[in-house]
Amino acid sequence: MLVVTSLLRAVEQLLNYWPIERGEKLSAARCALLLCLERKLPPDAARSAFIEAAKEAGNYVDELIRLAPAGKVKKWHKSKHGRSGSSRLRQTFPRSRKRYPADY
């Protein structure tokens with residue numbers, strides 16, 4: 001039994017190892033997965049199209065129930081200072097120091 005866990009694996013299976021060559025849901029799933037790779041379609045829509053194509057081909061599908069995340073979702077924020085720390089580097093290594101060949 002093969003478990004498909006990523007978008008790239010699903011595309012690989014559809015394009016190379018699918019048991020049937022033609023089908024209405026198969027062509028819809030191919031389009032959906034390729035659009036998802038281009039970020040023009042949400043992953044959930046591509047996933048459901050892949051599942052429908054698998055059912056059409058007679059493959060066993062064990063659909064996991066996806067629950068909404070529990071609790072408050074944490075978001076990533078930019079740093080409060082808005083700089084990458086370049087001002088600290090300038091303070092540590094001033095540019096006014098002259099370099100001589102002996103320093104290298």
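Atoms considered below: every heavy atom in the structure, side chains included; atoms not considered: hydrogens, waters and symmetry mates. Treat the numbers as computed from the prediction; the structure is a model and nothing was measured.
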Engineer: Can you list, by chain and residue number, the hydrophobic cluster partners of Y17 when the side-chain cut-off is 4.5 Å?
Structural biologist: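 Result for Y17 is none, singleton.
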Engineer: Heavy-atom count around E24 CD within 6.0 Å, excluding the residue itself: above 12?
Structural biologist: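 Open: at most 12 neighbouring heavy atoms sit under 6.0 Å from CD of E24.
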Engineer: Which pair of heavy atoms, one from A29 and one from A49, lies closest together, and at what distance?
Structural biologist: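 So the minimum-distance heavy-atom pair works out to CB-O, 3.5 Å.
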Engineer: Please check if the side chain of E56 supplies one atom and the backbone of L26 the other of a donor-acceptor pair under 3.5 Å.
Structural biologist: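 Yes, E56 side chain to L26 backbone: donor-acceptor pair under 3.5 Å.
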Engineer: Where do V4 and Q13 come nearest, in terms of heavy atoms and distance?
Structural biologist: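 So the minimum-distance heavy-atom pair works out to CG2-CG, 4.2 Å.
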Engineer: Taking C-beta and beyond as the side chain, do L37 and L8 meet within less than 4.5 Å on heavy atoms?
Structural biologist: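 Of all side-chain heavy-atom pairs linking L8 with L37, at least one is under 4.5 Å.
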Engineer: Could you tell me whether the side chain of P19 reaches within less than 4.5 Å of the side chain of N59, counting heavy atoms only?
Structural biologist: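 In short, these two side chains touch, coming nearer than 4.5 Å.
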Engineer: Would a hydrophobic clustering, with Ile, Leu, Val, Met, Phe, Trp and Tyr connected at side-chain separations under 4.5 Å, put L33 with W18?
Structural biologist: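 Yes, it is one cluster - the side chains of L33 and W18 are joined through contacts under 4.5 Å.
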Engineer: First locate atom SG of C31, then atom NZ of K40, and finally report the distance between them rounded to the nearest 0.5 Å.
Structural biologist: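 The NZ atom of K40 is 12.0 Å from SG of C31, to the nearest 0.5 Å.
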Engineer: How far does CD1 of I20 sit from NZ of K25, to the nearest 0.5 angstrom?
Structural biologist: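 Separation between the atoms: 10.5 Å.
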Engineer: Grab the two heavy atoms, one from A32 and one from A46, that are nearest each other, plus how far apart they are.
Structural biologist: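 Minimum heavy-atom separation between A32 and A46: O-CB, 3.9 Å.
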Engineer: Mind checking whether V11 and L35 sit in one hydrophobic cluster, side chains of I, L, V, M, F, W, Y counted as touching below 4.5 Å?
Structural biologist: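 No.
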Engineer: Enter the distance from L34:CG to L41:CG here, rounded to the nearest 0.5 Å.
Structural biologist: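 These two atoms lie 10.5 Å from each other.
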Engineer: Look up atom CZ in R9 and atom CZ in F50, then write down how far apart they are to the nearest 0.5 Å.
Structural biologist: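 Going from CZ on R9 over to CZ on F50, the span is 10.5 Å.
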